[in-house]
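Start at 1 and go down the list; that is how both ligands and their atoms are numbered. Keep in mind it's a predicted model, so treat the numbers as computed, not measured.
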Amino acid sequence: MDSKQPLLRPETIAITAGRPEVGADSALNPPISLNSTYVAGGPVGYGRYGNETWTALEVAISALEGGKTLSYSSGMAAISAVFSTLPAGAKVVASDQGYSGIMTLLGTLTAAKKINAKFVKITDTAAVISALDGADLLWLESPTNPSLDIADLPTLIKEAKSRNILVAVDNTFATALIQQPLAMGADIVMNSVSKYLAGHSDVLLGSLSTNDPLQYKALDDARKFNGSIPGPFEAWLALRGIRTFPLRFQRASENALEIAKRLSQHPLVTRVRYPGLPTDPEHAKAKAFMKGFGAIVSFDFAGDAAATDRVCESSKVVTYSTSLGGVESLWERRRRWPLESASVPESLIRLSVGCEDVDDLWSDIDAALLAAKK
Ligand SMILES: *Cc1c(COP(=O)(O)O)cnc(C)c1O
């Protein structure tokens with residue numbers, strides 16, 4: 001969109017991209033465009049086909065991820081748009097552990113014979129490659145939610161593309177700040193904008209970005225005719241969130257590394273999953289292509305499901321809640337959701353580390369762990 005932007009760094013892009021054109025008395029921020037229809041004769045025509053507030057957000061996400069972006073009413077709406085463009089019976093290779101919404105959708109579409117999902121252990125690169133034969137789509141999520149498994153993105157994308165297989169990457173946990181799947185050769189990058197990009201737990205939105213004009217057209221049509229359009233107010237809030245996204249993400253990531261280290265030393269924690277810890281089994285693989293490790297830490301509490309629930313209920317600063325990527329720290333026992341993969345331990349807590357003071361967070365977490373044990 002803006003030929004100057006590739007020269008800028010993400011911290012600057014996040015603040016400058018998607019602004020209205022500058023002129024005397026021009027507005028700094030795009031308007032919240034509340035219009036279901038437009039006067040005839042232009043390229044948009046109707047409110048389900050386009051909206052200037054969406055466009056401003058899409059320009060900003062494109063500047064961060066590369067490619068051209070479409071925004072959707074949620075991350076799941078964006079994911080559904082991708083699957084809706086596949087031919088009937090398409091073979092989809094995906095991780096056997098990932099975001100529960102995607103796992104559920106893949107299972108439902110497979111049961112209905114709309115697609116044919118093949119689940120693989122995503123950390124086993126050779127196993128993923130050998131499952132690629134005859135695949136139409138490789139769906140990757142890395143790090144995975146909530147196990148923080150790492151897919152070897154450069155290798156898997158290259159292998160899939162050499163077989164002409166479509167590759168889509170859910171970049172929600174890593175974000176464009178630490179990995180850019182389109183630059184690695186992926187066809188589509190998906191973001192749950194609800195998380196880090198919007199960043200304040202007040203918006204549900206999703207996005208897809210692609211370099212391929214045919215793919216863009218298919219995904220744009222999917223949005224138009226599935227009707228999974230974002231609300232202008234949500235788009236505006238998400239763009240406002242993006243202005244501080246690099247600052248928030250950096251701070252939260254620093255906090256996360258420190259909390260992961262302290263949890264590793266804690267007598268009531270049996271395992272910590274954070275790819276930034278040198279002791280994490282995924283660390284070397286992650287370090288080879290990621291510029292950072294993000295701000296989600298999952299850990300196993302030394303107790304049963306009920307005791308683990310008590311940990312989450314006992315905190316005062318960290319809120320017991322699902323979702324992630326906001327300024328505020330949240331945690332939950334993932335298996336409280338019946339749809340979560342059975343491979344996720346009953347005592348696993350997913351902690352979305354926010355931007356609070358790290359010592360305040362640690363005191364709260366330590367006290368909650370001790371309170372639950374009593
Ligand atoms: C939350 C999430 C989604 C779904 O996004 P919504 O905006 O909640 O629809 C998809 N993938 C990952 C990794 C997520 O964390």
Side-chain angles (χ1 to χ4, degrees), residues 54 57 61 65 69-84 92 94-109 122 139-151 153 168-179 181 186 188-209 222-223 226-231 233-235 237-238 241-242 245 249 252 256 273 275 290 293-298 321-326 328-332 334 337 339-341 344 348-354:
W54 309 348
L57 170 66
I61 296 175
E65 285 286 4
T69 299
L70 290 152
S71 51
Y72 294 81
S73 50
S74 67
M76 284 309 300
I79 294 164
S80 298
V82 175
F83 292 134
S84 75
V92 177
S95 173
D96 62 3
Q97 196 289 300
Y99 175 62
S100 58
I102 298 168
M103 302 309 294
T104 305
L105 183 65
L106 286 171
T108 309
L109 292 174
I122 209 68
W139 181 271
L140 294 166
E141 174 184 325
S142 185
T144 62
N145 180 354
S147 298
L148 297 165
D149 288 337
I150 303 292
L153 292 183
V169 180
D170 181 337
N171 211 25
T172 302
F173 269 35
T175 80
L177 292 181
I178 61 180
Q179 70 189 17
I188 299 169
V189 59
M190 175 263 156
N191 279 285
S192 169
V193 178
S194 323
K195 313 293 171 55
Y196 290 106
L197 292 170
H200 295 78
S201 305
D202 52 8
V203 162
L204 278 163
L205 269 186
S207 71
L208 298 173
S209 310
R223 179 175 68 180
N226 298 344
S228 47
I229 56 167
F233 183 51
E234 283 76 3
L237 275 177
I242 285 177
F245 153 57
F249 194 74
R273 301 158 198 252
M290 296 171 74
F293 305 100
I296 308 293
V297 179
S298 290
S321 179
T322 196
S323 200
L324 55 103
E328 56 285 303
S329 296
L330 306 177
W331 64 2
E332 67 171 337
R334 274 307 285 178
W337 297 96
L339 288 176
E340 184 54 274
S341 305
V344 172
L348 179 143
I349 294 175
R350 186 189 68 197
L351 167 62
S352 172
V353 182

Checklist entry - How far does CD1 of Ile150 sit from CZ of Arg273, to the nearest 0.5 angstrom? => result 12.5 Å
Checklist entry - Going from CG on Leu208 to CD on Glu65, what distance comes out if it is rounded to the nearest 0.5 angstrom? => result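 Those atoms lie 11.0 Å apart.
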Item to check | Sub-3.5 Å N/O-N/O distance, Gly75 and ligand 1 | outcome: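 Yes, since at least one N or O of Gly75 sits under 3.5 Å from an N or O of ligand 1.
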Atoms in ligand 1 with a heavy atom of [X] nearer than 4.0 Å:
X	result
Ser194	6 (P), 7 (O)
Asn145	14 (C), 15 (O)
Met76	5 (O), 6 (P), 9 (O)
Lys195	1 (C), 2 (C), 3 (C), 14 (C), 15 (O)
Phe173	15 (O)

Say whether, by atom type as modelled, one donor and one acceptor occur between the side chain of [X] and the main chain of [Y] under 3.5 angstrom.
X	Y	value
Ser142	Ala151	yes
Ser74	Leu204	no
Asn171	Gln179	yes
Trp54	Pro230	yes

Suppose we measure from [atom] to each protein heavy atom; which comes out shortest, and what is that distance?
atom	value
atom 4 (C) of ligand 1	Tyr99 CE2, 3.4 Å
atom 12 (C) of ligand 1	Asp170 OD2, 3.4 Å
atom 5 (O) of ligand 1	Ser192 OG, 3.0 Å

Item to check | Closest candidate by heavy atom, reference atom 8 (O) of ligand 1, pool Asn171, Leu204, Val193 | outcome: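 Nearest option to atom 8 (O) of ligand 1, by heavy atoms: Leu204.
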Checklist entry - Taking Arg334 as the fixed residue, which of Ser298, Ser100, Ser147, Ser341 is the one that meets the side-chain hydrogen bond (donor to acceptor under 3.5 Å, both in side chains) rule? => result Ser100
